[in-house]
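Just so you know, residue 1 is the first one in the sequence shown, and it goes up from there. Computed from a prediction, not measured in an experiment: that's the story for all the values here.
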Amino acid sequence: MLQLSCEVTRLTSQHTHLSVGWYLRSPDPSSPPQDLVSLSRDFVLRPGAPYRQRFTSGDVRLDKISSATYRLTIYKLQPADQGVVYCEAAEWIQDPDRSWYAMVRKQSDKTTVKVQPTDRDFSIQVNTDRRAYMAGEALELRCSIDAQNVADRYFSVSWVFSSTPVAVVGPNGVPSLGTDYVEREAVGQLTVRKESPSVHLLKLRHLKAEDAGKYICRVTEREKTPTGDFIDRSKRSRNVQITVQPLKSNITVWLSSNSSEVQEGDPISLTCSGRGSSSRGGLSVSWEWKDGHGGAWQELASLDRDGTVGMGPSYRERGSYGEIGLERSRSEAFSLTLHHALPADEGQYRCTVTEWLQAPDRSWEKIGGQTAVKPLAVKAVGRCTDYLSVALSEVLHGGLGRLWVSALIRALPQSPCSYAPTESSFFVSASSRTPSVTYGDSFDLQCIVKPRHNPRAPVAVTWRFQPHEGSGSTGGGAEFRDLVTLTREGTLRWGELPAGVAMMRASLDRSASNSNFRLSVSRAGQREGGTYQCSAQLWRRNYDSTWTKIANRTSNLLGINVLKPVSKLRVLKSNQSLWFVEDSRVRVNCSITSQTSLDSQHTVLWYARKGSEPDSTPELLLKINHAAGFEYGTYAEEERLKSRVQSERLSPRMYGLTLHRAETSDSGTYYCQVEEWLLDPEGVWYHLAHDTSGFTQVAVMQPEVRLQVEEAESNVTVSEEGSIRLGCSIPSQSSRDSRFSVSWYILREGGAGEGAEPQCVFSIGHDAVFGNGNCSPAEPPGPNSRLSFERTTSDLYSLTIQRAGPGDAGSYYCHVEEWLLNPRNAWYRLATNNSGVTIVNVQQKVPSLQSVVCSNDSLFYFVFFYPFPIFGILLIALLLVRYKARHAGRNQEGKNGAPLLWIKEPHLNYSPTCLEPPALSLHPGSVE
């Protein structure tokens, strides 16, 4: 909970209203402050948009606790609440027209609030280099998760752009794209990647105006409750506003030539150079010409951004004979060549360079262009080309018919200005700089046509291909087949492929001089390996627009081998020994130090070998293939490890094997074997190499024996019929989960010689059951038993023998067995120990008169009961005698007049017990 107070006082005497608001500014200085909650001048509470729901639920409050104190309270703080918090107060006054205006507005001191996440809480933040971009640039957004133990938790990250889902990256790092971004990702314009367990990347290439808006990162954590259910907790980042400015062309263009004046028949070379263009776009150039008399501009030729050459209507016929050449000599330089200058070519030349930007949908957008003009003079010479110059000038600029041109062409072979190709010098060769390439690489094959032929005699080039045997393209003994043909018209024609064979990823282009025809093969795979050959045909166009093949040449053979990449897979091979206590968790790691490619996938096989002999056969424990498939080996089935073994990918290059509740039978040698898999250009996984880690010797042992029983010896003497108390103290035990079986034994007096067997007195097992298999007490248990057992504390046992007799004398000791529960829920005995000896002496009682009498019934009755009737009879007789004597005395007293002596009746006191004999008391009487 957060509580902040703001003191607002006013000193004006006029009737004014106050408005107080609390604001939060995030750590990002470029973001505007957020409205937390405010009290308007009309005494209405209004929460900010991000805190509206929390205000409704009572988690955000604004209370006026005194006349000038306003307290802000935020319950259930979140990481998004951290930043700089301050309050702002304004004093308002109402004009006569009932309108309000603020007289003064002040802010309080700023308080920095930092919210520490809890153990299961997390916070997210989206970072970017900048927020303003130009169209065509790349945008990188990184969503950082700030939490504890990120690698051990399951987070899903969702990217949202203006309420439109972009992509969702699950805990396994596999992205799922939104429908509007699937095509964009397919052309490489979108990348969604999990850079680390806590950082996720969204990268957009070739930004366009539609990409401007708000970007949000939403993170959802899935947690499994103890009941087995799943709970999802989601958080979203702050809005990241991105602006995209359209591109503007900054190119500058200038035009240069080989000479400002050329001789008739010499080539005219013009170079149009540019500077300052965007390297991400494309350039196209168009050439125009006009005479020096103020005529209109005529389209001469053009070179498209993809290298396509186009001729203007007036120059199409001349270009078909190869008299006009266009070339892109550098990235920002274009050249125009008129091979045989004519007087009619004199005039002004203008080049226009246009800059283009390719959109993600492969369409092109024009972003600007610049123009340059250059005048050029052609000096005529008086020779046979005059006729041709005038004729061609009339054709090109005067618009004469095709019949006149055909007649001119028919006359060329007989004229001294004609040129006939020399078929004997026509030669074709093939070459390659990379006879061996690796999967996924590209290679170029050059088909060189020598010497440079007459442009009026175009060349058609065909690349032919024969796959290696077993390459998967065709069966063994395959023949050459046409791969691609560049026709004399400059069009590409692909050859027919056998059924089930995919088209090769190849392209064909030619140089500006038409002497080099390059076949480029990208992302080569196994089916691109084989023998290549190029053939060239030299054609001549007849006057009736038909074509005649005048030469056919075939190049040498080129063998191309496509090999798998050299594996760089290395697994850490350090050996180690680990010791664990039974029922603990065993962790073995498998670390990959290097791999061939960042796209490599791994199949990890865990092996276990019992015993310490290196020649013993290892057994497969489990396997995780490169597609995340999981399967157990026979070892896991036999050793019942399926419920206790766990394998996980700790990082892209770290795998772990965990054995839960380890048993002693799990001891052995463990190691991993890593197989490296790569995706070939055909989209098929292939096994490249494998490597084995070092050996981890795992020893699972029972707990260390720490059982101790008090060994102090003592000597006890008790009287007969007394109680013997025997103690057994356990000051130390091996485990806090230990259970004890306690037994008392006695060596009786006279039996302490060699070979004497101790007798069991009492025993209680570890399961709290009296008596166990190793101890059979001589005295059976029962209600009349003299034995009393007591466990006063967890480590103190006592046994009491009541009514001790002479037979109970001897040497006593207790025998303690320590028991533990193994991971298979079976009890086993860990250790045993004996206490010190307690010597017990029983002192016999000396017989007394009382004990002798009480022990004999006849004597007891003779002493205590038989005398009473005898004494009674004697007493009665005595009384009768006395009575008679008294009676006689009275009679005599009556006679003599003297008093008589009267004796009272005797009192008899006795005890009915055998301990006190009856006492007879005679008391003298009195004279009456």
Side-chain angles (χ1 to χ4, degrees), residues 702-753 755-822 826-845:
Q702 294 179 348
E704 181 182 356
V705 176
R706 296 189 179 93
L707 176 63
Q708 293 182 4
V709 182
E710 186 174 355
E711 298 179 354
E713 297 185 356
S714 61
N715 197 327
V716 179
T717 302
V718 297
S719 60
E720 190 176 0
E721 295 295 329
S723 297
I724 303 173
R725 184 177 181 85
L726 304 174
C728 187
S729 176
I730 306 173
S732 174
Q733 59 188 46
S734 303
S735 173
R736 62 181 181 180
D737 299 324
S738 298
R739 300 284 183 88
F740 302 101
S741 173
V742 181
S743 304
W744 275 272
Y745 290 86
I746 180 175
L747 281 171
R748 301 190 184 277
E749 295 181 357
E757 291 291 335
Q759 296 180 4
C760 179
V761 178
F762 176 81
S763 69
I764 182 170
H766 64 276
D767 51 359
V769 176
F770 293 108
N772 55 41
N774 298 328
C775 180
S776 299
E779 183 173 341
N784 299 323
S785 176
R786 297 184 302 132
L787 304 179
S788 175
F789 171 77
E790 184 180 7
R791 183 181 182 182
T792 56
T793 61
S794 61
D795 57 353
L796 184 59
Y797 298 80
S798 67
L799 176 67
T800 303
I801 304 176
Q802 302 172 352
R803 302 191 300 278
D808 295 328
S811 298
Y812 290 84
Y813 66 92
C814 71
H815 175 75
V816 179
E817 297 179 354
E818 187 176 18
W819 293 75
L820 282 176
L821 193 67
N822 66 12
W827 289 96
Y828 68 93
R829 184 172 61 190
L830 177 63
T832 61
N833 203 348
N834 294 333
S835 69
V837 177
T838 300
I839 301 175
V840 177
N841 299 313
V842 180
Q843 187 176 9
Q844 299 182 6
K845 287 185 178 180

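Between Ser763 and Ser743, the shortest heavy-atom contact is CB-OG, 3.2 Å. Of all non-hydrogen atoms in Tyr745 and Pro758, the two that sit nearest each other are CB-CB, 4.0 Å. When all heavy atoms are compared, the tightest approach of Glu720 to Val842 is CA-CG1, 3.9 Å. Across all non-hydrogen atoms, the minimal contact from Gly727 to Trp744 is O-NE1, 4.3 Å. Here the shortest heavy-atom pairing between His766 and Ser741 reads N-CB, 3.7 Å. Heavy-atom minimum distance, Ala804 versus Val718: CB-CG2, 4.4 Å.
To the nearest 0.5 angstrom, Arg739 atom CZ is 8.5 Å from Leu821 atom CG. Arg829 CZ to Leu820 CG: the interatomic distance, rounded to the nearest 0.5 Å, is 13.0 Å. Distance check, rounded to the nearest 0.5 Å: CD1 of Ile801 to CG of Leu787 gives 6.0 Å. With values rounded to the nearest 0.5 angstrom, Glu713 atom CD is found 8.5 Å from Ser811 atom OG. Rounding to the nearest 0.5 Å places CD1 of Ile746 at 8.5 Å from CG of Leu726. Atoms OG1 and NE2, from Thr832 and His815 in turn, are 5.0 Å apart once rounded to the nearest 0.5 Å.
A distance-only check finds no donor-acceptor pair linking the side chain of Ser798 to the backbone of Cys728 [under 3.5 Å]. Between the side chain of Arg748 and the main chain of Gly807, a donor-acceptor pair closer than 3.5 Å is present. With Ser734 contributing its side chain and Glu704 its backbone, the two residues share a donor-acceptor pair below 3.5 Å. The backbone N or O of Arg803 sits less than 3.5 Å from a side-chain atom of Arg786, completing a donor-acceptor pair. Of the possible donor and acceptor atoms, none in the side chain of Ser738 sits under 3.5 Å from a partner among the backbone N and O of Trp819.
Annotation: side chain of Val769 is not in contact with side chain of Ile764 (no heavy-atom distance under 4.5 Å). Side-chain contact between Phe740 and Glu818: present, with at least one pair of heavy atoms (C-beta onward) separated by less than 4.5 Å. By the 4.5 Å heavy-atom criterion applied to side chains, Ser723 and Gln802 are counted as neighbours. The closest side-chain heavy-atom distance from Leu830 to Leu707 is not below 4.5 Å. Asp808 is not listed as a side-chain neighbour of Val840, based on a closest heavy-atom distance of 4.5 Å or more.
Exactly one residue among Phe770, Tyr812, Tyr797 makes a ring pair (Phe, Tyr, Trp, His ring centres under 6.0 Å) with Phe762. That residue is Phe770.
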CA sep, side-chain torsions, deciding dist, call: Ile839, Val716, side chain to side chain contact (heavy atoms under 4.5 Å, CB included): CA-CA 6 Å; Ile839 301 175; Val716 179; over 6 Å; no
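Within a 6.0 Å sphere centred on CD of Gln843, other residues, nucleotides and ligands contribute 12 heavy atoms or fewer.
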